[in-house]
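Some notes on the structure that comes next.
Within every chain, numbering begins at 1; the chains are lettered A, B, ... in the order of the sequence lines, protein sequences first and strands thereafter. Remember, predicted model here, so these are calculated numbers, not experimental data.
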Protein chains: 4
Amino acid sequence: MMDTTTPTDESGFGPIDTPTFVPVDPDFATRIRDSFVRQSFMATLGVRLGTVAPGRCDLLLPYRADLCQQNGFLHAGVTAALADSAAGYAAYSLMPADSDVLSIEFKHNLLAPAVGERFLARAEVQRAGRTIVVVQATVFAEADGRRKAVALMQATMMRMAVASG
Amino acid sequence: MMDTTTPTDESGFGPIDTPTFVPVDPDFATRIRDSFVRQSFMATLGVRLGTVAPGRCDLLLPYRADLCQQNGFLHAGVTAALADSAAGYAAYSLMPADSDVLSIEFKHNLLAPAVGERFLARAEVQRAGRTIVVVQATVFAEADGRRKAVALMQATMMRMAVASG
Amino acid sequence: MMDTTTPTDESGFGPIDTPTFVPVDPDFATRIRDSFVRQSFMATLGVRLGTVAPGRCDLLLPYRADLCQQNGFLHAGVTAALADSAAGYAAYSLMPADSDVLSIEFKHNLLAPAVGERFLARAEVQRAGRTIVVVQATVFAEADGRRKAVALMQATMMRMAVASG
Amino acid sequence: MMDTTTPTDESGFGPIDTPTFVPVDPDFATRIRDSFVRQSFMATLGVRLGTVAPGRCDLLLPYRADLCQQNGFLHAGVTAALADSAAGYAAYSLMPADSDVLSIEFKHNLLAPAVGERFLARAEVQRAGRTIVVVQATVFAEADGRRKAVALMQATMMRMAVASG
């Protein structure tokens with residue numbers, strides 16, 4: 001959400017070294033899709049995989065009345081699931097082929113009632129280490145063609161080496 | 001999870017002032033049940049309301065194969081939903097009758113794969129202010145009659161005044 | 001850190017309603033400076049107040065060898081103090097004159113060793129409610145004229161009404 | 001803070017498998033003390049190392065007027081530093097001799113104004129994996145011989161292998 005790349009920066013600090021994310025596995029998008037279809041909870045919620053790119057993943061969810069809390073807003077567990085899976089796949093895009101990704105933890109802030117016709121979770125890697133990957137995600141609600149941020153996540157993902165097929 | 005009440009304490013610090021939670025609304029349990037049945041997502045997941053007490057709430061969930069991530073463990077969004085709702089109702093138990101409860105934010109640590117026959121989220125209020133209530137929750141998995149902590153939550157809940165009926 | 005404002009957005013979602021922060025108190029910068037000088041810990045650390053703008057605050061800190069953890073990196077408590085104060089003042093900039101600001105909670109991710117000649121914490125409000133304000137902050141380290149993100153914070157601030165002078 | 005070990009448990013769940021922490025390095029206390037004295041920021045704050053035990057660490061801090069925020073309460077960066085170092089050493093107590101410990105992230109809730117004559121951070125490991133250790137900590141303030149919880153932390157620590165001396 002933060003724009004920290006303004007070229008004219010009154011802080012007097014030097015230019016920012018922004019990480020460029022080069023995937024080590026060129027087939028990362030296939031690997032993400034294969035994992036996504038194995039996440040049964042995504043199908044249960046009705047989540048669809050959107051754009052995947054190195055260090056980034058979008059997930060989309062239409063509103064459903066059976067995913068709500070007591071006031072008819074999307075339950076925080078649903079926005080958390082959406083943001084967590086998007087964050088996991090954003091991290092996974094940068095991992096070697098013989099990897100699995102696990103959530104270590106996430107922090108989820110609810111900004112506004114999650115009401116709207118459909119929802120978008122957009123996750124972007126902030127720092128990719130060999131084992132630990134830190135990701136930020138925003139959940140947007142769309143209503144009447146306008147998009148509004150309704151939740152934020154800051155998450156820590158972990159690479160697990162797996163026996164390659 | 002922490003036991004900080006040991007009477008013999010080598011820190012040399014005085015005894016702990018542990019908050020005693022006295023509900024201001026004697027009908028808090030009814031109010032929680034009424035809100036719980038309006039959370040459509042709890043029914044979608046198959047969650048059942050367990051014990052409610054002043055400053056505490058238990059939620060129970062049998063394992064279901066359609067609530068999982070890519071390895072067949074319960075999805076972190078499910079354990080988060082369970083812990084968040086338990087935390088919300090633990091906070092709600094201490095609020096006046098003309099209140100609604102909203103999640104401001106939560107932090108969720110995954111400790112171990114969420115595998116087992118059924119799951120228990122237990123939430124306990126740590127600090128109840130007039131507007132802000134801080135809650136900790138643990139999610140346990142039960143397998144073969146043994147219970148194991150698989151996730152932790154530290155959450156901030158907020159009281160919203162509502163027009164009384 | 002996230003750039004979610006790309007005009008061409010393959011998600012198919014509508015344009016983002018980005019909040020525009022209009023301060024209700026035109027003297028917010030004076031109010032922030034008055035509060036900052038009362039934070040004795042900022043002087044103890046050697047922190048300097050940088051740019052303040054509606055919904056934003058920069059804090060600057062030169063490296064000091066007595067602020068470190070066991071490997072000579074800035075201690076996480078120092079980067080947390082820097083980011084927390086910046087986040088608090090970013091929130092405070094949008095509050096009415098008769099307000100004080102309190103931290104409810106924050107989440108701090110360490111991205112890389114906090115080494116460098118000086119440090120910048122930049123905080124930006126993500127959502128400003130009447131009582132609750134959500135802020136994200138990044139701590140940058142500068143070395144050899146280059147700036148690198150070393151820590152992130154996602155924080156929740158609260159407005160407290162105070163008797164006006 | 002949570003007591004989840006009550007033998008009579010109306011949830012109907014089986015007994016809890018509580019982890020027993022057996023240190024792999026019998027000299028863990030010496031290792032912690034050696035690391036603690038290298039944390040220059042602890043000396044700057046005036047922190048003293050208290051009890052260390054397998055999976056647990058206490059740190060103590062007398063009140064000082066130069067460690068405060070704008071209202072004379074201990075700054076949240078100070079309580080965070082105290083809790084983070086205690087959490088790190090609680091984790092470190094369970095690591096092999098050829099280890100260093102790094103904070104991945106922490107979440108800090110401020111429960112009440114941090115006022116008092118002295119402060120105690122008590123950290124307890126909740127889950128010790130080979131690489132990742134999850135810790136909870138409570139910061140207590142003591143005034144007039146009574147102790148009160150003023151802040152909570154839920155933290156993730158990481159083991160780094162180091163070349164043994």
Side chain to side chain contact (heavy atoms under 4.5 Å, CB included) partner of A/Glu105, the single match among B/Lys107, B/Met153, B/His108: B/Lys107

Under 4.5 Å to a heavy atom of chain B? For A/Asn109 that would be both

At a heavy-atom separation under 4.5 Å, does B/Leu45 approach chain A through its side chain, its backbone, both, or neither? side chain

Could you have a look at A/Ser35, A/Ala155, A/Pro113 and say which one has the most heavy-atom pairs with chain B under 4.5 angstrom? A/Ser35

Just give me the residue among B/Gly88, B/Ser40, B/Ala151, B/Ala83 that pairs up with chain A most often, heavy atom to heavy atom, under 4.5 Å. B/Ser40

Heavy-atom closest pair, residues A/Ala80 and B/Phe106: CB-CZ, 3.9 Å

Between CG of A/Asp84 and CG of B/Leu110, what distance do you get to the nearest 0.5 Å? 7.0 Å

Residue B/Asp34 versus chain A: region with a heavy atom under 4.5 Å: neither

Tell me, side chain or backbone of B/Ala43 under 4.5 Å from chain A's heavy atoms, or both, or neither? neither

Checking the side chain of A/Thr44 only, and the main-chain atoms of B/Asp66 only, is there a donor and an acceptor separated by less than 3.5 Å? yes

Shortest non-hydrogen contact from A/Gln70 toward B/Arg38: O-NE, 3.4 Å

Chain B contact via A/Val37 - which portion, at a heavy-atom distance below 4.5 Å: neither

Reported CG-to-CD distance for the pair B/Leu67 and A/Gln39, which is rounded to 0.5 angstrom: 12.0 Å

Is chain A contacted by the side chain of B/Val101, its backbone, both, or neither, given a heavy-atom distance below 4.5 Å? both

For B/Leu82, is it the side chain, the backbone, both, or neither that has a heavy atom closer than 4.5 Å to a heavy atom of chain A? neither

Any side-chain heavy atom of B/Asn71 sitting closer than 4.5 Å to one from A/Asp100? yes

Do B/Ser85 and A/His75 have side-chain N/O donor and acceptor atoms under 3.5 Å apart? yes

For B/Gly77 and A/Ala81, work out which heavy atoms get closest and say how close. CA-CB, 3.7 Å

